[in-house]
2 protein chains.
Amino acid sequence: MPYTFSEENYLKAIFHLQEKEGTVSTNALALHLSTRPSSITDMMKKLSAKNLLVYKPYYGFSLTSEGKKIALTVIRRHRLWEYFLSEKLGFGWDEVHQVAEELEHISNKKLVDKLDAYLGFPQFDPHGDPIPDSRGKFAHVEHLPLTELAINQQAIITSVVNQSAELLEALNEKKIAIGTQVEVKKRSGFDLSLQARIRNRNLTLTEQIAKNIYVKKI
Amino acid sequence: MPYTFSEENYLKAIFHLQEKEGTVSTNALALHLSTRPSSITDMMKKLSAKNLLVYKPYYGFSLTSEGKKIALTVIRRHRLWEYFLSEKLGFGWDEVHQVAEELEHISNKKLVDKLDAYLGFPQFDPHGDPIPDSRGKFAHVEHLPLTELAINQQAIITSVVNQSAELLEALNEKKIAIGTQVEVKKRSGFDLSLQARIRNRNLTLTEQIAKNIYVKKI
DNA sequence: TTAAAAATTTAGACGAATCTAAATAATTGT
DNA sequence: ACAATTATTTAGATTCGTCTAAATTTTTAA
């Protein structure tokens, strides 16, 4: 019942990749975790022996429901701490991810649930990602990448799906945050960059930036 | 510059034993840390190689100023988190120690300093122990064990120097807390237990309990 | 359809932190 | 002062998580 930091990190990473890419390969996971593929194989054996994932050599792996459950509790802790850091301690949204990477491994359930209550049971972390509740359930917001928003359609930014400090700083500079209203005025056929109207000003957003921004039509 | 959880735990334990007993032996440290003496020897070699303590085989060891500095930052983190858990999350004082044992190893300095500011730079943790500031300095309260308080001398409880949940629960039952006013009415010559007047009621305190309670005369 | 490339796994090693059992040093009591 | 006891250290092993290099399997492309 107690899992190591490493095990938790692997489970969390697999969960995220499974969500985003649908499938999880040894190489992709190694890249994501900055380890070597052979380390992945080693850990897959360990986790499958513990029935946290199903692993067939050369054929990939996928979390069992127990594995998913653990991944979700780690993600819950991570996002609750991010919210705490941002809301209570005044950290910037570009800083919280890094610190939460450490805090997320403190597994005391009472701590996490009391923190949740103290924060007022927040539903979303500072990047707009949903925070699972103590049963692992979380709010689902239908949202689409800014790259797919129709021209002249009003929308608000619901989340940014990339925790890199570089991206978040770039967005800070442009005064783009969760909840900011946005409208796409034009999309370039050449480089896929787009002209957006934000806070009554016209901005150019490169495709690389836009595809990390998710919005909800209003 | 980054120390492992283990290294931090050893340094902290040595610091505490050095304070309390003056001297630190391999066996005492092993007992304190619930490890085997041979593990202590191993770690002493490692820490002295890093210049965190001076170690001479068979002659004991003592922290260098760098070792003390690190121990104090760990203690600072521990007590700040204890204060947070008690003050903000509503944990009982008999529960905070355990949880803080995990939180204390998160070493991000900005986190700790922001937490400190958020809490209003508290000077004492829930057990009355002083919290070192970011430079390692802490308030010093002259206090004495309740076992040495003069008869009929009014005093207030300043700290409890034993984090065991059992002791703290016993004190909870008797409604004894930091800040509680106390007066010793009688001391038994037979078992060293004492009759104390607390909150206008007479209580019997065993020597085992009394020696863990520190007070300040008023 | 098969040879080259890419992905994955295996084999063997290493550092960290611990342990047990044996050896050695220090202390104590007579 | 020295034998017995106690404290400490050494030797050697184990588990965890990682690595490199080599082997193997799968995929791809000519």
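Every chain is numbered from 1, with letters handed out A, B, ... down the list of sequences.
Using a 4.0 Å heavy-atom distance criterion, Tyr55(A) is classed as a sugar-phosphate-only contact. Contact annotation for Thr26(B): backbone-only contact, meaning every heavy-atom pair under 4.0 Å involves sugar-phosphate atoms and none involves a base. At the heavy-atom level, Ser6(A) lies under 4.0 Å from the strands shown only through sugar-phosphate atoms.
The side chain of Thr35(B) places no N or O atom within less than 4.0 Å of a non-bridging phosphate oxygen (OP1 or OP2) of dA17(C). Using a 4.0 Å cut-off, some side-chain N or O of Thr4(A) falls inside it from OP1 or OP2 of dG17(D). Asn27(A) has no side-chain polar atom (N or O) that falls below the 4.0 Å cut-off from OP1 or OP2 of dA6(C). Distances shown here put a side-chain N or O of Tyr10(B) below 4.0 Å from the OP1 or OP2 atom of dT18(C).
One can place CG of Asp42(A) at 12 Å from C1' of dA13(C), the figure rounded to the nearest angstrom. When the C1' atom of dT9(C) is taken as reference, atom NZ of Lys46(A) falls 16 Å away, rounded to whole Å. What separates CE of Met44(A) from P of dC16(D) is a distance of 16 Å, to the nearest Å. As rounded to whole Å, 16 Å separates atom C1' of dA7(C) from atom NZ of Lys56(A). For the pair Ile40(B) CD1 and dT6(D) C1', the interatomic distance rounds to 17 Å; values are reported in whole Å. Distance, Arg36(B) CZ to dT8(D) C1': 14 Å, rounded to whole Å. Note: CG (Leu29(B)) to C1' (dA7(D)) measures 14 Å, nearest angstrom. With rounding to whole Å, Glu7(A) atom CD is found 10 Å from dT18(D) atom P.
Of the N and O atoms on the side chains of Thr158(A) and His143(A), at least one donor lies less than 3.5 Å from an acceptor on the other residue. A side-chain donor from one of Glu82(A) and His127(A) sits under 3.5 Å from a side-chain acceptor of the other.
The two residues Pro130(A) and Phe138(A) come nearest to each other via the heavy atoms CG-CD1, 3.6 Å.
Look at Asp116(B) and Arg76(B) and you find a salt bridge, because one of the NZ, NE, NH1 or NH2 atoms lies within 4.0 Å of a carboxylate O, short of that distance.
With distances taken from any side-chain atom of Met43(B) to the nucleotides dT8(D), dA17(C), dC19(D), the minimum falls on dA17(C). The side chain of Lys45(A) lies closest to dT10(C), out of dG17(D), dT10(C), dT10(D). Taking every side-chain heavy atom of Ser39(A) into account, dC19(D) is the closest of dA26(C), dC19(D), dT9(C).
A distance-only check finds no donor-acceptor pair linking the side chain of Arg187(B) to the backbone of Ala150(B) [under 3.5 Å].
If you check distances only, the side chain of Ser38(B) never reaches the base of dT18(C) with a donor-acceptor pair under 3.5 Å.
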